[in-house]
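Protein chains get the first letters and strands the later ones, always in sequence-line order, with residue 1 at the start of each. Note that the structure is predicted; figures quoted are calculated from it, not measured.
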2 protein chains.
Amino acid sequence: MLMVRQPSINAQHRTPLSTERIIEAALRIVDGQGLGRLTMRRLGDALEVEAMAIYHHLPRGKEQLLDGLVVHVASGPAEAAGVTAANWRDVLRAWAADYRARLLAHAGVLPLLVTRRNPAALSTTVGSLREVLRRGGVADDTAAVAAHTLLGYVIGHAALEVRDTREDGADRPVDWDARFDAGLGLVIGGVR
Amino acid sequence: MLMVRQPSINAQHRTPLSTERIIEAALRIVDGQGLGRLTMRRLGDALEVEAMAIYHHLPRGKEQLLDGLVVHVASGPAEAAGVTAANWRDVLRAWAADYRARLLAHAGVLPLLVTRRNPAALSTTVGSLREVLRRGGVADDTAAVAAHTLLGYVIGHAALEVRDTREDGADRPVDWDARFDAGLGLVIGGVR
DNA sequence: ACCTGAACACCGTTCAAGT
DNA sequence: ACCTGAACACCGTTCAAGT
């Protein structure tokens, strides 16, 4: 029997692939099943496409895909508009709470955030923190230090939370929300 | 021609495999070539053994191998003996410098430190920090917060260093040593 | 321009077999 | 007890081909 190949009825109607759709589908897999289960073939399935089609949009392949995930998750800059000497601590506190929530919501991406890949991904975020501090009246040198310290704290604390590091001895679970706020106060309180 | 199989002359003389030797060889690969190049087959080669021999010592396979790497790198507790109300800040500062150096020396392991796997790996370290603080006369609640804050900061800062996150705008390289010390002062200075 | 299908070199892991 | 060799199911990626 002669099989005439249909041009895949689906292919006609479905929205075409795009970098954005690919990244979103990848993030959905990572969030739902973990980073280890993000494969090009599975990603293709999720997008109802052959895995090889992805390479047309991401020529650098999986490397580029992971870079995209990092940018998507890690670029959450602080809003510097309207910052004054009176409110900069509150602005930083609010940013930190948001950023922490972001990291925890996509905990599977955290390991990628800690890799040599894609070095620029965090610099807009660091820059925005520095700008908030500067507008708050903090000296430039101190602002540079505080920006890195704050971002470092938030990322590192998220790492500890994800591992659910208990104190030795004490085996009652840690109240991570309270713990985070207290540590945050310690970091921000030290800036002057 | 009949080939009589020799029982592999090497096998007689070489020191037998052990978990410790396996972990050390794995760490050498990660440090030298990166985490992505750590495969069971390559690890077998480095140990002059078939990859499958490793499973005899690590029945849980690669998972167990990675757990071993995390424990090896992440368990650097602070020495609490001899801590007083006068010197606890110096003790923490010295520990932090050591621990940072450790993380940067094995930067390839950093992504593993930020994964859900092996949750207990960091808790002896956290516990030792808490003990230093307690002996320094810091109240229990504050000590618990400060221990997590400090460890979080050190890990998070190491992550930023490894990515070499520059401030936006400024493109002269960051002096990471100075930056780390300044941020450390900020964190430790806030504890009272 | 966008996607497919077959192929290649490599993974982690199992399992039966050797000593 | 300790290690090997073949095999299996799965990777990421290339490349020529289709529309």
Side-chain angles (χ1 to χ4, degrees), chain A residues 2-23 25-26 29-30 33-70 108 111-112 115 117-118, chain B residues 2-23 25-26 29-30 33-70 108 111-112 115 117-118:
Chain A
L2 185 82
M3 294 289 283
V4 180
R5 246 190 161 286
Q6 299 291 112
S8 170
I9 297 132
N10 275 351
Q12 316 275 21
H13 302 145
R14 71 186 173 203
T15 48
L17 227 43
S18 71
T19 303
E20 199 173 341
R21 275 188 61 225
I22 294 171
I23 301 283
I29 291 173
V30 172
Q33 313 183 238
L35 187 60
R37 288 185 58 82
L38 175 62
T39 69
M40 299 302 271
R41 280 166 167 95
R42 237 189 297 266
L43 182 55
D45 280 354
L47 293 161
E48 296 182 79
V49 107
E50 292 302 309
M52 294 69 203
I54 297 165
Y55 288 82
H56 194 263
H57 298 87
L58 304 177
R60 273 178 37 245
K62 198 168 186 184
E63 281 293 295
Q64 195 171 357
L65 177 64
L66 299 182
D67 285 359
L69 291 181
V70 169
L112 301 178
T115 307
R117 104 177 63 244
N118 201 7
Chain B
L2 186 82
M3 295 287 286
V4 179
R5 244 188 162 286
Q6 298 293 109
S8 170
I9 297 132
N10 274 352
Q12 315 275 21
H13 303 146
R14 71 185 173 203
T15 48
L17 226 46
S18 72
T19 306
E20 200 173 341
R21 275 188 61 224
I22 294 171
I23 301 284
I29 291 172
V30 172
Q33 314 182 237
L35 187 62
R37 289 186 58 81
L38 176 62
T39 70
M40 299 303 270
R41 281 166 167 93
R42 236 189 298 265
L43 182 54
D45 280 353
L47 293 161
E48 297 183 79
V49 108
E50 291 301 309
M52 294 71 202
I54 298 166
Y55 288 81
H56 194 264
H57 298 87
L58 304 177
R60 273 177 40 244
K62 197 168 187 184
E63 281 294 294
Q64 196 171 356
L65 178 65
L66 299 182
D67 284 359
L69 290 181
V70 169
L112 300 177
T115 308
R117 106 176 62 244
N118 199 8

| request: Begin from the C-alpha positions of Thr115(B) and Leu66(B) and carry the test side-chain contact (heavy atoms from CB on, under 4.5 Å) through to its verdict. | output: CA-CA 11 Å; Thr115(B) 308; Leu66(B) 299 182; over 6 Å; no
| task | Verify side-chain contact (heavy atoms from CB on, under 4.5 Å) between Asp67(B) and Arg60(B), making sure each step is shown before the conclusion. | result | CA-CA 10 Å; Asp67(B) 284 359; Arg60(B) 273 177 40 244; 2.8 Å; yes
| request: Might you work through the side-chain contact (heavy atoms from CB on, under 4.5 Å) test for Gln64(B) and Thr19(B), ending with a clear yes or no? | output: CA-CA 10 Å; Gln64(B) 196 171 356; Thr19(B) 306; over 6 Å; no
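Atom CD in Glu48(B) sits roughly 19 Å away from atom P in dC2(D) (whole-Å rounding). One interatomic measurement links the two molecules: CD1 of Ile54(B) to P of dC11(C), which rounds to 12 Å at whole-angstrom precision. Rounded to an integer number of Å, the gap from CG of Leu65(B) to P of dC11(C) is 14 Å. Rounded to a whole Å, the CG atom of Leu66(A) is 12 Å from the C1' atom of dG12(D). Look at CZ on Arg37(B): it is 10 Å from P on dC10(C), rounded to the nearest Å. Computed from coordinates, the Lys62(B) NZ to dT14(C) C1' distance equals 18 Å when rounded to whole Å. dA7(D) atom P lies 14 Å from atom CZ of Arg41(B), rounded to whole Å. Distance Leu58(B) CG to dC2(D) C1': 14 Å, rounded to the nearest Å.
Counting only heavy atoms from C-beta on, Met52(B) has its side chain closest to dT14(C) among dT14(C), dC3(D), dT4(C). Taking only side-chain atoms of Val49(B), from C-beta outward, the nucleotide of dG5(C), dC3(D), dT13(C) with the closest atom is dC3(D). Comparing atom distances between the Tyr55(B) side chain and each of dC3(D), dT13(C), dC3(C) picks out dT13(C) as nearest.
Between His56(A) and dT4(C), a side-chain N or O to OP1/OP2 separation shorter than 4.0 Å is absent. Put simply, His57(A) has a side-chain N or O that comes within less than 4.0 Å of OP1 or OP2 on dC3(C).
Under the 3.5 Å distance criterion, the side-chain polar atoms of Arg42(B) are matched with a main-chain donor or acceptor of Arg37(B).
For the pair Ile54(A) and Leu65(A), the minimum side-chain heavy-atom distance is 4.5 Å or more.
Here Met40(B) lies in heavy-atom contact (under 4.0 Å) with sugar-phosphate atoms only. In this structure, Arg42(B) reaches the sugar-phosphate backbone alone: every heavy-atom distance under 4.0 Å involves primed, P, OP1 or OP2 atoms, never a base.
Heavy atoms only, all atoms of each residue included: Met40(B) and Gly61(B) are closest at CE-C, 4.2 Å.
The environment of CD in Glu20(A) is sparse: at most 12 heavy-atom neighbours from other residues, nucleotides or ligands sit within 6.0 Å.
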| note | Its dot-bracket string being built from Watson-Crick and G-U pairs below 3.5 Å, with | for another strand and [ ] for crossing, DNA chain D has the pattern ||.|||||...|||||.||
